[in-house]
Each structure stands twice: as C-alpha cells, then as structure tokens.
Amino acid sequence: MFDSIFSAITDIYVAAQSSVYEWVLQPVAFHLRSGGLMEDGYEASGWLVAGFFQVIVMVLVLAPMERLNPVEPVVDKKAVSTDILYTVIHRLGLFRLFFFFLVEPYFDDLFGWLHTQGLGTFQLDDLLPGITDIGWVSFVIYLIVFDFLGYWVHRAQHQWNIWWALHAVHHSQRQMTLWSDDRNHLLDDVLHSCLFALLALLVGIEPTQYVVLVALTKLSESFQHSNLKISFGRFGEYIWVSPRFHRLHHAVGKGHEFESGLLGGHNFAILLPIWDVIFGTALFEDRYTQTGIRDQVEGGVDYGEGFWSQQLLGLKRLAKAFSARAVQ
Ligand SMILES: [Zn+2]
Ligand SMILES: [Zn+2]
C-alpha cells in the first residue's frame, strides 16, 4: 500500500514538473537560445513545483491552524513580514535557482575529478543491492541519513562561534510563526545547501526523490516553527519533531545558548528527535517559552529588523568572530 501511495504522489509531482517545464522554463530557454538551461530546466522545474506546493499548504493549512490555537498573540507584524520575504526568496525559486545553476554544477565537476583519482561514492544500491527498487524503503533510508547530517550540522551551527554568527539570524526571531523557518543568513543557506547537495551526490539519491525529501523536510520545519500550541503526546514526541519540541530549542537562555560556561543547548533535531535522545541533548518539558537570544532580550543587542540589516549585521558578527579567532 505504501508503495502505491508513494508512486501516486511521485506521479502527480512529475506531471506538475513536466507542465512547468513545458509552459515556463522551456520557452524561456528557447528564447534565450540556451541549450544548457534546456537540459537542467527540467530538474529546476521540480524545485519550483515543490516550492509552490509548500507555500499552498502553508497558507491553506498551517495559517488557519495558527489562528485556532496560537502560543502567543502576533504583536510584531513587521517581523513576520520579513520572514515572509525569506520564504518567498527560498521556496518560490530565487535561492534554489541560483544554487541549482551557479553552485551545483561545480559539484558534478568535483565528483568527476574525485572519480578519476580513484575515490568512489557510497551509493545506497551498491551497499544494499536492489533496495532502490522499492521506492518508499529507499526514501525512508535516505531520510534517516540526511536527517542525521542535519542534526550534526545544526549542532555545529551552535558549537562554533563563526557559524553561530550567521545562525543567530534564525534565532533572533522573537515572534515565531509558520514563516520563520527560512529566516537565515544567505551565506548560511549556501553552506547548508552545499553540504546537503554533496551528500546527495555521495549517496546517489535519485533527483526526484531528493526534491521530494527536501520539500517534506521544509514543510515539516514550517510546521515546527508555527505559532501553534501543539505537542504529539508522550510517545509521539519521540517520533517526530513537534512545534513544542522545536520551540524549546528557540527558548531564551535554554534551548540553544551557553549554559554553565559550556556551549550547551537542546533539541537540535530536524525531523527525528531520536538523535537528541541518543546524543543526550533532548528536552521534553511541557512548556512554551519566550523565544529569542539572551543578549538581545536582556541586553538590547541589535540583530536587525529588516532583511538587509539582518544580513549586514550577520556579516559584521562573522568578521568579529574571525578576528577574535585570529587573536587567540
Ligand atoms: Zn538552532
Ligand atoms: Zn528554528
């Protein structure tokens, strides 16, 4: 049954992808007389379709849910509109297309070069022959592999001051809503996407599956950031990251900051809380606390209000973190 549901979803997705390609990207590529764009356009269409699908679910499902059972009233509408801008940049193409056409091609070259040096990849089908024939089984394995990387990347974003200088953009949101997931420094996004695209090539995930995997992850992340008083119950909280679980990660002075002189923090998992349980960082308290960064809430440190000021202040923090490192 799983397989038929999985292939039905894949069929709908591929049909939508073909239409976008045929009606939008192919005419553009033809007009620009760009053969390269024509070749990659089909895959790029998939990212656009997945992005539109996410925004539709966010507006039609998550937004009404937020109105029904919010954690707190939305008092800072400007902060929310900045987050909407981040979402539009991210999910409706701009960032993805930039990444797809300008960054990713270098990875293909890199992997080609590695191959000539005798270094192979870890294709799932080589390790477990025949496994990729069953769509949903390979999908679940890839999901676990990518989520494991996600957990450690997120821990590194907090562990290293240099990376935290950028990730702080995400945590400076004191009015968390369904739009807050994409509020990140663009440099952080590029880094993040590079690491995941490299893993995708390394394990040999099929492009359509990769797009669906990223779309599902992003949609779940939007749900987790929602201004929504929801937890998954005693057992469910161990299975999938809930809005309550992720809000605890954003809690001031608790979820993500220095504790007793050590870099601590809780609930770094992206989809599967099991990583936090295994590595001792899980926090399952039943509460919904204030979100933000301690020095911002208590000391008035400015992390910027609009898109450009947030990006610029992020670069300044990064330069400061680098120079502090050089002094040490
Ligand atoms: Zn974080
Ligand atoms: Zn978050």
Side-chain angles (χ1 to χ4, degrees), residues 54 58 62 66 71-72 76 79-80 82-87 89-91 147-189 191-193 195-196 214 216-231 237 240-259 262-273 275-276 279-283 287-297 303 310 314 317-318 321:
Q54 290 169 59
M58 286 161 82
L62 298 184
E66 273 193 338
V71 171
E72 57 189 0
D76 191 353
V80 179
T82 307
D83 285 1
I84 293 176
L85 178 65
Y86 278 104
T87 309
I89 290 172
H90 250 272
R91 307 216 186 166
D147 202 51
F148 181 70
L149 175 71
Y151 172 82
W152 285 105
V153 165
H154 194 187
R155 275 194 71 167
Q157 285 176 313
H158 288 265
Q159 198 84 18
W160 297 333
N161 282 343
I162 285 174
W163 212 342
W164 167 249
L166 300 175
H167 187 51
V169 172
H170 181 68
H171 280 277
S172 63
Q173 179 54 283
R174 296 166 71 179
Q175 185 82 74
M176 252 169 74
T177 67
L178 71 107
W179 304 103
S180 304
D181 177 49
D182 287 318
R183 178 198 174 101
N184 291 305
H185 200 281
L186 291 178
L187 205 54
D188 199 2
D189 282 329
L191 247 157
H192 207 268
S193 300
L195 289 169
F196 280 83
V214 173
L216 176 81
T217 306
K218 296 303 280 177
L219 206 50
S220 182
E221 285 179 348
S222 298
F223 176 60
Q224 291 153 20
H225 286 88
S226 295
N227 178 21
L228 198 55
K229 215 171 184 173
I230 273 193
S231 80
E237 287 284 302
W240 200 262
V241 171
S242 72
R244 189 201 55 87
F245 187 89
H246 192 64
R247 195 167 274 261
L248 276 172
H249 171 66
H250 278 258
V252 177
K254 183 78 180 165
H256 60 93
E257 294 174 89
F258 282 97
E259 273 180 27
L262 292 166
L263 272 168
H266 300 284
N267 300 6
F268 298 99
I270 311 298
L271 302 175
L272 308 170
W275 308 126
D276 280 302
F279 300 110
T281 49
L283 182 70
R287 61 190 172 90
Y288 298 84
T289 49
Q290 190 189 8
T291 64
I293 302 168
R294 198 202 302 252
D295 61 10
Q296 168 197 32
V297 176
Y303 285 85
Q310 286 167 3
R317 282 193 303 275
L318 183 68

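Atoms within each ligand, like the ligands themselves, are counted from 1 in listed order. Residue numbers run from 1 in the order of the sequence given.
A distance-only check finds no donor-acceptor pair linking the side chain of His250 to the backbone of His246 [under 3.5 Å].
In this structure, His192 has its ring center closer than 6.0 angstrom to the ring center of Phe196. A distance of 6.0 Å or more separates the ring centres of Trp179 and Tyr86. Between Tyr151 and Phe279, the distance from one ring center to the other falls under 6.0 angstrom.
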* **His170 and Asp188: CA distance, side-chain angles, deciding distance, side-chain hydrogen bond (donor to acceptor under 3.5 Å, both in side chains) verdict** => CA-CA 10 Å; His170 181 68; Asp188 199 2; over 6 Å; no

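Between Arg91 and Asp182 there is a salt bridge, since at least one side-chain N of the basic residue sits less than 4.0 Å from a carboxylate O of the acidic one.
The Zn ion (ligand 1) is the vertex of the angle joining NE2 of His158 and NE2 of His154, which measures 100° to the nearest 10°.
Excluding waters, the protein N/O/S atoms found under 2.8 Å from the Zn ion (ligand 2) are His170 NE2, His225 NE2, His246 NE2, His250 NE2.
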